[in-house]
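Numbered from 1 within each chain, the chains take letters A, B, ... in sequence-line order.
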Number of protein chains: 2
Amino acid sequence: MPDQHSTLRARRRAQTQRTIQAHAIRLFSERGYDATTMNDVAEAAGVSPMTVYRHFPTKEDLVLVDQYGELIAERIVASSTGQPLVRRIGGALIDAAAVLSGDDVTADREFVLVRLQLMISTPALRARHLDNQYALQQAIIGALGDDATDPDAAFQAQAAASACLAALHTALVRWAADDGRTDLPRLIGKALAAVFGDDIVGPAPTPGSPGD
Amino acid sequence: MPDQHSTLRARRRAQTQRTIQAHAIRLFSERGYDATTMNDVAEAAGVSPMTVYRHFPTKEDLVLVDQYGELIAERIVASSTGQPLVRRIGGALIDAAAVLSGDDVTADREFVLVRLQLMISTPALRARHLDNQYALQQAIIGALGDDATDPDAAFQAQAAASACLAALHTALVRWAADDGRTDLPRLIGKALAAVFGDDIVGPAPTPGSPGD
DNA sequence: ACCGATCTGGTAGTCACTATCAAGGTGATA
DNA sequence: TATCACCTTGATAGTGACTACCAGATCGGT
């Protein structure tokens with residue numbers, strides 16, 4: 001089973017998937033998440049309820065699509081093992097956010113923002129999102145590689161990763177509250193600095209920005 | 001409406017509440033959370049399904065009872081405002097855990113442990129628990145008091161609180177994995193030290209414990 | 001043109017959860 | 001002690017998310 005058929009069937013599948021999700025996000029933003037039923041989404045997208053469930057197993061999945069998990073994991077694997085854990089993880093988070101903030105995907109940025117705001121304001125979505133972050137934490141631990149042998153080092157890695165993701169979440173909430181006006185990578189850097197101290201995150205990524 | 005009637009009616013209410021929860025936790029542990037229906041819980045507890053919903057609005061509430069939130073908030077309010085944020089929050093978390101680890105409630109400890117293990121292993125419960133921790137974070141921010149005016153200080157407070165709770169969660173997971181054999185307050189201290197450095201948590205709370 | 005695989009739709013069912021209404025015991029008052 | 005208000009419980013019906021199970025329709029390559 002090849003991964004990217006790029007055949008007509010696969011393209012139509014991706015298309016309906018995007019259509020369903022777009023209508024869902026729109027309805028959720030307009031009427032509210034709980035006030036919108038799966039049937040509403042199906043009807044708006046012009047498909048049957050079954051098709052919605054085929055593409056998105058749960059209602060929450062209509063909003064939560066974790067597309068940055070493996071990107072972050074890749075960055076961590078690529079980072080030099082000599083650095084402290086917090087710098088490796090934090091750097092990967094900032095880099096991944098920089099990819100999102102890249103000027104080529106300004107159309108997506110609005111979409112990500114709306115979804116994030118939905119996620120933060122809806123309890124069910126917020127809970128699932130936090131659990132996804134917890135899963136991401138485990139992926140990060142796996143990407144760090146070696147430390148699995150010593151239980152004490154593993155514990156420290158878990159603590160470091162969870163704290164980094166907590167900082168990320170804080171930055172995301174602030175970013176959403178500012179309607180995405182702030183620069184997300186810098187916001188993540190500030191959150192990391194607020195947690196771990198300015199010295200451990202500051203000196204490396206940005207060469208010259210002493211003011212702020 | 002007085003808070004503690006201590007009348008027969010209130011006592012019976014608390015009793016049935018305990019009974020329902022005890023049977024629920026037992027069934028969840030035996031058959032699994034998803035494989036146990038609310039009707040099963042009601043039948044095991046000898047009440048009608050309606051009564052279960054009266055006492056526990058959602059199925060998740062049968063496991064998740066946040067009884068340490070206000071305890072932590074109290075400690076934070078009582079802490080001296082001169083200390084750094086991380087020390088105030090971390091100290092409150094350790095103190096609250098010390099209350100739990102007190103030798104007078106060894107019977108409860110097993111109950112807390114089983115619930116925690118259920119919480120960690122069941123996705124739905126884990127998600128709700130993480131969201132409860134997020135709510136606790138907001139309560140902590142409120143308990144810190146003043147910093148609401150300056151948005152930058154508020155952001156730093158959010159970051160610090162989220163990181164502290166992340167460390168707490170890491171400690172709780174480890175504690176549950178060890179079946180509660182480890183000393184929880186010390187475990188929280190180690191997690192906080194792993195995140196913020198040994199100097200910021202170590203010197204203050206325990207006068208003499210240099211080994212470990 | 002054929003056949004296998006995939007995508008889609010419909011039906012019926014389970015389960016969490018929410019009204020709404022009726023009946024019982026409990027608590028305080030006359 | 002008798003009465004009344006209230007609280008707790010129970011039963012019924014309904015909504016909505018989600019999951020089988022089955023039947024067409026369409027696309028893929030041979």
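Taking only side-chain nitrogens and oxygens, S48(B) never comes nearer than 4.0 Å to OP1 or OP2 of dT12(D). Contact check, H55(B) against dT9(D): a side-chain N or O comes under 4.0 Å of OP1 or OP2.
Distance alone, capped at 3.5 Å, places no donor-acceptor pair between the R88(A) side chain and the Q83(A) backbone. In this structure a side-chain-to-backbone donor-acceptor pair under 3.5 Å is missing from W175(B) to D183(B). A distance-only check finds a donor-acceptor pair linking the side chain of D40(A) to the backbone of T37(A) [under 3.5 Å]. T122(B) places no side-chain N or O within donor-acceptor distance of the main-chain N or O of L125(B), the cut-off being under 3.5 Å.
Counting to the nearest Å, the P atom of dG10(D) and the CD atom of E43(B) are 13 Å from each other. Rounding to whole angstrom units, CE of residue M38(A) and P of dT15(D) are separated by 19 Å. Rounded to an integer number of Å, the gap from CG of D61(B) to C1' of dC17(C) is 12 Å. Rounded to whole angstrom, the span from the CG atom of N39(A) across to the C1' atom of dC18(D) amounts to 11 Å. What separates NZ of K59(A) from C1' of dC18(D) is a distance of 12 Å, to the nearest Å. In this structure, CG of D34(B) is placed 14 Å from C1' of dA17(D), rounded to the nearest angstrom. Separating the CG atom of L62(B) from the P atom of dC15(C) is a distance of 16 Å, rounded to the nearest angstrom. In this structure, R11(A) atom CZ and dG28(D) atom C1' are separated by 14 Å, rounded to whole Å.
Closest approach to the R13(A) side chain among dC15(C), dT8(C), dT9(D) is made by dT8(C) (side chain taken as heavy atoms from C-beta onward).
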Could you write nucleotides 19-27 of chain D as a row of B, S and -, 5' to 3', where a protein heavy atom under 4.0 Å of any base atom gives B, of only sugar-phosphate atoms gives S, and otherwise -?
-> BBB----BB
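In terms of heavy atoms, A163(B) sits closest to V195(A) at CB-CG1, 3.5 Å. The shortest heavy-atom contact between R174(A) and P151(B) is NH1-O, 3.5 Å.
Rounding to the nearest 0.5 Å places CD1 of I89(A) at 6.0 Å from CD1 of I141(A).
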